[in-house]
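The chain is numbered in sequence order, starting from 1.
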Amino acid sequence: MLNAALAVWLEQHAEALNAGEADVSLALLQQLGQADVFRQGVPEQFGGLGNTLQDAIETIAQVAEYSVTAAFVSWSQRTYIEYLLTAKADILDEFRFDELLSGEYAGATGLSNAMKFLSGLEPLQIQAEAVEGGWKLNGKLPWVTNFHPNGFTVAVAADSVQGPLLFLVPSNRAGFDRRPNLELIGLKGSSTAAATLTDVIVSQTELLSDKATQYLPAIRPAFLGLQCALAIGLIKRSVQQVIAKKHSRLVNDQVTYIQQQLEENLAVLFSGLESGKFVTQARSLFEIRIALSELTQHAIQLELCSTGGKCYLTPYEDGFTRRLKESAFIPIVTPSVLQLKTELSRLSA
C-alpha cells in the first residue's frame, strides 16, 4: 500500500509535476524517498524492506496512478539502485547508497541507448579510451531522466577497443555538461535532459561492468519490469475514473475486458521475473510491455469516450488532459513499442 502522506502530496501536486514547477519538482525525489518507494525490493541488509521486485513494481504503479512524472522518476531511481545491487553490492557505501534509498541523491539509468544497442537498433553514443587508473569518456546522452539539479550519478554505456563497457558517472565530474531540461509536452518535473561528456575521467571503481553484453540481458528484466509500472498505474487510474460513474453495459464490458487483460499480463510478468526466465527468453517480456502500452491507450480512450464532452471542459476534466499526455509517453519511452516490435520481428526471422 502506498504511503498515505505521499498519496495526498502527489494528488495535490500532480499537475505541478507535469508542468515542471520548480519547487515541487525539486522536492519530488525526497518525497518519494521519505515514503520508502526506493526501498521496495531491496534486501534488508542493504537498508531495504526485504520484499521483492514485484513489490517495487506495484509501488511505482501506485505512484503512477497519481502522477506518471513521479513514477518516471521512481523508475529511474529504483532501476539505478538495481544496477548497484546487481554489480556493486560489496561496495555500496562508495556510491552514496543510503542517500539513494532516502531520495537525498539521484541516480539516472542512462542505459536506454545500451538497451537499443543490445537489440542492434543503434550504435553506442559514448566512446571510452583507457588512461592511467581508468578511462576517458567522450560522447552524448541525448535523453535521460532524473538529472536532478542538485546532482546525480548516471549509468552509461561506452564503446571501447575491448568492447562495450558500462560506467557510473557523477554529474560533478569535469567535462560533464548537463544541458537544460528538454522541452517536453508533459512530465516536465522529471528532470529529463541531455548531457555532453568531454574527456570525462572515470576510475576503475566506477566501472559498472566490463561484460556489457552479458550484464545488459541480466538487468533488462528489472529495467523493463519496473518501467511497466508506468503503464500499469495509468491503466488502473483511467479505469477507476470510468468506474466512478454510472455507465451502460457496453462500457462496463470494456472495463471488465481491460481489467482481465491487465491481470493476465501481470501474472505472466511477475511469474517471469520470479523465475528468471526473462533473462534468456526476452520475447515474452517484450510482448507484455507492448500489450500494456496498447492497454493504456484503450483505457484512456475509454475514459474519454465514457465521460464525453466534460473531458473537453476545463472545470470538469479531472486530470484527464494530464493523463492523456502521460499516456502518449508510454509507447515511446525507450525501448519504444516500435523498437520492441522491430526486435520481435528480427527474432522471428
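Contact between Leu295 and Ile258 at its shortest, heavy atoms only, is CD2-O, 3.8 Å. Contact between Leu302 and Ser306 at its shortest, heavy atoms only, is O-OG, 2.6 Å. When all heavy atoms of Phe286 and Arg220 are compared, the pair lying nearest together is CZ-NH1, 3.7 Å. Heavy atoms only, all atoms of each residue included: Ala71 and Val63 are closest at N-CG1, 3.5 Å. Residues Leu182 and Pro142 come closest through the heavy atom pair CD1-O, 4.0 Å. Residue Arg173 comes nearest to Ile201 through the heavy atom pair NH1-O, 2.7 Å, listed as atom of the first residue, atom of the second, then distance.
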**OP:** In sequence, state the C-alpha distance, the side-chain angles, and the governing distance for Phe117 and Asp159, and then conclude on side chain to side chain contact (heavy atoms under 4.5 Å, CB included).
**Re:** CA-CA 10 Å; Phe117 167 80; Asp159 204 2; 5.9 Å; no

Report the C-alpha separation of Ser74 and Gln62 in whole Å, then their side-chain angles, then the decisive distance to 0.1 Å, and conclude whether the side chain to side chain contact (heavy atoms under 4.5 Å, CB included) test is met. CA-CA 11 Å; Ser74 299; Gln62 290 169 2; over 6 Å; no

Practice prompt. Check the pair Phe176, Phe152 against ring pair (Phe, Tyr, Trp, His ring centres under 6.0 Å), reporting the backbone distance first and the verdict last.
Written response: CA-CA 11 Å; Phe176 191 105; Phe152 55 89; 5.7 Å; yes

Worksheet entry | CA sep, side-chain torsions, deciding dist, call: Asp36, Thr59, side chain to side chain contact (heavy atoms under 4.5 Å, CB included) | CA-CA 10 Å; Asp36 290 340; Thr59 299; over 6 Å; no

| Stepwise side chain to side chain contact (heavy atoms under 4.5 Å, CB included) test for Leu92 and Leu100 | CA-CA 10 Å; Leu92 290 177; Leu100 288 164; over 6 Å; no

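In the displayed structure, Lys245 atom NZ is contacted under 6.0 Å by more than 12 heavy atoms of other residues, nucleotides or ligands. Taking a 6.0 Å sphere around CD of Gln204, one finds it holds more than 12 heavy atoms contributed by other residues, nucleotides or ligands. Open room surrounds CG on Asp23; 12 or fewer heavy atoms of other groups in view lie less than 6.0 Å from it. Atom NZ of Lys140 is surrounded by 12 or fewer heavy atoms from other residues, nucleotides or ligands within 6.0 Å. Glu104 CD: more than 12 foreign heavy atoms inside a 6.0 Å radius.
Using the six-membered ring where Trp is involved, Phe97 and Phe46 have ring planes that are perpendicular, over 60° apart on the 30 and 60° scheme. Taking the six-membered ring where tryptophan is involved, the planes of His298 and Tyr257 are tilted, since the angle between them lies from 30° to 60°.
Between Lys325 and Leu184 the shortest side-chain heavy-atom distance does not fall below 4.5 Å. With contacts defined as side-chain heavy-atom distances shorter than 4.5 Å, the pair Ile235/Gln261 does not qualify. Using a 4.5 Å cut-off on side-chain heavy atoms (C-beta onward), Gln297 and Pro331 make contact. The closest side-chain heavy-atom distance from Leu269 to Asn265 is not below 4.5 Å. Between Leu344 and Ile290 there is a side-chain heavy-atom pair separated by less than 4.5 Å. Counting heavy atoms from C-beta outward, Leu29 and His148 have side chains that approach closer than 4.5 Å. For the pair Thr321 and Thr314, the minimum side-chain heavy-atom distance is 4.5 Å or more. With a 4.5 Å cut-off on side-chain heavy atoms, Glu82 and Thr109 do not count as touching.
Trp75 is connected to Ile57 through a chain of hydrophobic side-chain contacts under 4.5 Å among Ile, Leu, Val, Met, Phe, Trp and Tyr, so both are in one cluster. Placement of Ile81 and Ile91 within a single hydrophobic cluster is found when ILVMFWY residues are connected by side-chain heavy-atom separations under 4.5 Å, directly or transitively. Val144 and Phe95 fall into different hydrophobic clusters, where Ile, Leu, Val, Met, Phe, Trp and Tyr side chains are chained together by heavy-atom contacts under 4.5 Å. Leu208 and Leu197 fall into different hydrophobic clusters, where Ile, Leu, Val, Met, Phe, Trp and Tyr are joined by side-chain heavy atoms under 4.5 Å apart, directly or via other members. Under a hydrophobic clustering in which Ile, Leu, Val, Met, Phe, Trp and Tyr are joined whenever their side-chain heavy atoms come within less than 4.5 Å, directly or via other members, Leu273 and Ile288 fall into the same cluster.
Formation of a donor-acceptor pair under 3.5 Å by the Thr196 side chain with backbone atoms of Asp177 is not found in this model. Side-chain atoms of Ser327 come within 3.5 Å of backbone atoms of Leu324 as a donor-acceptor pair (strictly under, hydrogens ignored). Between the side chain of Trp135 and the backbone N or O of Val200, no donor-acceptor pair lies under 3.5 Å. In this structure, the side chain of Ser275 engages the main chain of Gly272 through a donor-acceptor pair within 3.5 Å. Checked by atom type and distance alone, the side chain of Asn113 pairs as donor or acceptor with a backbone atom of Pro123 at under 3.5 Å. Judged by distance alone, with hydrogens and angles left aside, the side-chain atoms of Asn181 form no donor-acceptor pair with the main-chain N or O of Ala193 at under 3.5 Å. The closest donor-acceptor contact from the side chain of Thr256 to the backbone of Asn252 lies under 3.5 Å. Lys88 places a side-chain N or O within donor-acceptor distance of the main-chain N or O of Leu207, the cut-off being under 3.5 Å. Thr296 places a side-chain N or O within donor-acceptor distance of the main-chain N or O of Leu292, the cut-off being under 3.5 Å. Listed for the Tyr215 side chain is a donor-acceptor partner under 3.5 Å among the backbone atoms of Tyr83.
Using modelled atom types and a 3.5 Å distance limit, the side chains of Gln77 and Asn146 yield a donor-acceptor pair. Using a 3.5 Å distance cut-off with no hydrogens or angles, the side chains of Ser67 and Arg322 do not pair a donor with an acceptor. Gln54 and Glu58 form a side-chain donor-acceptor contact under 3.5 Å, judged by distance and modelled atom types alone. Using modelled atom types, one finds a donor on one side chain and an acceptor on the other under 3.5 Å when comparing Gln227 with Arg289. The closest side-chain donor-acceptor pair between Glu21 and His13, if any, does not fall under 3.5 angstrom. Counted by atom type alone, Asp55 and Thr52 present one or more donor-acceptor pairs between their side chains at under 3.5 Å.
Ion pairing between Glu122 and Lys116 holds under the 4.0 Å rule for side-chain N and carboxylate O. Between Arg323 and Glu326, no side-chain nitrogen of the basic residue sits less than 4.0 Å from a carboxylate oxygen of the acidic one, so the salt-bridge criterion is not met.
Between Phe72 and Phe329, a ring centre-to-centre spacing shorter than 6.0 Å is recorded.
Arg96 forms a cation-pi arrangement with Tyr105, by the criterion of a distance under 6.0 Å to the ring centre and an angle within 45° of the ring axis.
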